[in-house]
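Before any comments, here is the structure.
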Amino acid sequence: MPRVAVIGGGLTALSCALCLAEHGIECELFEASPQLGGRTRSFHDPVVDAWVDNGPHLLIGAYAHARAFFARHGVTDLAWQPHLTLPLWDESRGHFCLNPGRGLPLPASLAWAAARMPGHGIGTMMAMMRLGMAVRRPLQENLSTADWLQALHIPAPLQRDLLEPLCLGAMNEAIASAPATSFARVLREGFADHDAARLGWFTRPFAQGLIAPLERSLAHHGVHIHRHSRVIALEAHPRTPGITLRSGEALRFDRIVLAVPGHERNRLLAIHGQAMETRSITNVHLWFDEDLRLPQPLVGGIGTLGQWFFDIGQQMPGERGRHRHFCAVISNSSPALLAHCGEQLAGELSHMLGRHTLRPAHMRVVHERRATVLVRPSAAVTLPTSILDAGEHPYPGELPATIESAIARGLQAADTILSATA
């Protein structure tokens, strides 16, 4: 049996290591930071004395790999909608909702529900039906989502209220540049049926609800975890590749799995001229002294700085403390927004809650500079068979970075090793 090193501590690394260990493969995991989780990590905020997620992550029912993986490894702190309900808000129309019931097949129910949103009608229904058929047809690789929607004569209100927020949320990119092939796949798989379309979320912080049960499973299967262990060099030997740690220790393995961001992969392999285009995400945590509550656990903002507003108190009923916790997400964000974003987001929340301007008792801004790698064509990197690249670099037509794709990449890397040892 081969001895395998997995470099990274996010969900790709964890899913790969667990799958290998379940099949009796000796596996060691190397993570540079003190805790596992990658982008699904938590931190302790001393002001509110609570564990806080780096940023909220929504799940959808179409995440088949993630759901099976969670069930197998005891990740149970999840809540799921019975069917898709997408609450929205803008200043002129207030709160409204896309709420396709289960009485009809989802494509028909979705078109009817979209037509009933304020400011919409029969034109929206017909456009939704055209879109439902178009997502199943082949598309040009270099076609942007904006050009695709224009060719389908999708009206501007439908783009503004539904498709632009979905594109930003799923791909962290505006429709003007997001590849249509990948966004069409997001729509095709995410709205395949009622079960696929419903939303879910974690009911405890990632540290307790997600990473802790995975760590228990890793320990149970004998995976050796090296924290504070940054890999500073990699020797791409065809049979016995090696790693060098910051401590100076040099180790050799039969196989190495790189479950790290693209820029880190390029550094380890000394790859030049292969920069990957990334986009940032800013998560702004706001705590208020007052007992406040949004109509739903999450609300999408139309024409607001924050694209999604999460009522953490509703999502995590067990969260304790005297403060009411919300988190606003700014996709495709820029550093220029950060200086006064808290004040603006507090004002937007005030309007949503029907209150005069609220002032947060505490605020934390978490800016992920390289939150996602954009869906783009990328040159193939030739590696020896002893090294597998499980990193995130989606090609047009593939799904963007999600919890689902992270776990799927880890499982695929493990399957490649298992197939070679069969």
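None of the values given here were measured: they were computed from a predicted structure.
Listed for the Thr145 side chain is a donor-acceptor partner under 3.5 Å among the backbone atoms of Ala178. At distances below 3.5 Å, at least one donor-acceptor pair connects side-chain atoms of Arg188 with backbone N or O atoms of Val135. When atom types are taken as modelled, the side chain of Thr372 and the backbone of Ala401 share no donor-acceptor pair closer than 3.5 angstrom. Between the Thr12 side chain and the Gly10 main chain, no donor and acceptor come within less than 3.5 Å of each other. No donor-acceptor distance shorter than 3.5 angstrom exists from the side chain of His362 to the backbone of Val48, with no hydrogens or angles considered. Between the Thr416 side chain and the Gln412 main chain, a donor and an acceptor come within less than 3.5 Å of each other. With hydrogens and angles disregarded, a donor-acceptor distance shorter than 3.5 Å links the side chain of Asn172 to the backbone of Ser280. Formation of a donor-acceptor pair under 3.5 Å by the Arg136 side chain with backbone atoms of Gly132 is found in this model. Judged purely by atom type and a 3.5 angstrom limit, Arg39 has no side-chain atom pairing as donor or acceptor with the backbone of Gly55. Remark: the backbone N or O of His65 is paired with a side-chain donor or acceptor of Glu404 at under 3.5 angstrom.
By the 4.5 Å heavy-atom criterion applied to side chains, Val4 and Phe253 are not counted as neighbours. In this structure, Leu298 and Trp201 have side chains that are in contact, with non-hydrogen atoms separated by less than 4.5 Å. Contact of the Leu14 side chain with the Val223 side chain is not registered, since no non-hydrogen atoms from C-beta on lie closer than 4.5 Å. Annotation: side chain of Leu345 is in contact with side chain of Leu305 (closest heavy-atom distance under 4.5 Å). Between Thr402 and Tyr63 there is a side-chain heavy-atom pair separated by less than 4.5 Å.
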Given the rule in the salt bridge (Lys or Arg N to Asp or Glu O under 4.0 Å) test, do Glu398 and Arg185 qualify, once you have shown the distances and angles that lead to the verdict?
-> CA-CA 7 Å; Glu398 296 179 346; Arg185 184 171 175 182; over 6 Å; no

Run the numbers on Arg255 and Glu26 for salt bridge (Lys or Arg N to Asp or Glu O under 4.0 Å), then give the verdict.
-> CA-CA 11 Å; Arg255 304 294 289 271; Glu26 183 183 353; over 6 Å; no

Could you check Phe191 against Leu166 for side-chain contact (heavy atoms from CB on, under 4.5 Å), going step by step and ending with a plain yes or no?
-> CA-CA 12 Å; Phe191 295 94; Leu166 287 176; 4.0 Å; yes

Trace of the salt bridge (Lys or Arg N to Asp or Glu O under 4.0 Å) decision for Arg376 with Glu173 | CA-CA 12 Å; Arg376 291 291 186 271; Glu173 188 171 10; 2.5 Å; yes

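Among all heavy-atom pairs drawn from Thr181 and Gln140, the shortest one is CG2-O, 3.5 Å. Here the closest heavy-atom approach between residue Gly8 and residue Leu29 is recorded as O-CD2, 3.2 Å. Between Asp415 and Cys19, the shortest heavy-atom distance links the atoms OD1-SG, 4.3 Å. Here the closest heavy-atom approach between residue Pro2 and residue Ile25 is recorded as O-CG2, 3.5 Å. Here the closest heavy-atom approach between residue Pro384 and residue Ala236 is recorded as CG-O, 3.7 Å. The shortest heavy-atom contact between Pro394 and Val373 is CG-O, 3.8 Å.
A salt bridge between Arg102 and Asp193 is absent, with no side-chain N of the basic residue lying under 4.0 Å from a carboxylate O of the acidic one. Contact check on Asp254 versus Arg239 returns no salt bridge, with no Lys/Arg side-chain nitrogen under 4.0 Å from an Asp/Glu carboxylate oxygen. We find that Arg67 and Asp195 are joined by a salt bridge, their nearest charged nitrogen and carboxylate oxygen being less than 4.0 Å apart. Salt bridge present: Glu277 and Arg279 bring a charged side-chain N and a carboxylate O closer than 4.0 Å. For the pair Arg230 and Glu31, the salt-bridge criterion is not met [side-chain N within less than 4.0 Å of a carboxylate O]. Between Glu343 and Arg359 there is no salt bridge, since no side-chain N of the basic residue sits under 4.0 Å from a carboxylate O of the acidic one. We find that Arg265 and Asp389 are joined by a salt bridge, their nearest charged nitrogen and carboxylate oxygen being less than 4.0 Å apart.
Classification of the Phe202-Phe70 ring pair by plane angle, with boundaries at 30° and 60°, yields perpendicular. A parallel orientation is assigned to the rings of His325 and Trp287, their planes being inclined by less than 30° (bins at 30° and 60°). Using a 30° and 60° split on the angle between ring planes, Trp51 and His44 fall in the perpendicular class, above 60°.
Side-chain atoms of His323 and Asp289 include a donor-acceptor pair closer than 3.5 Å.
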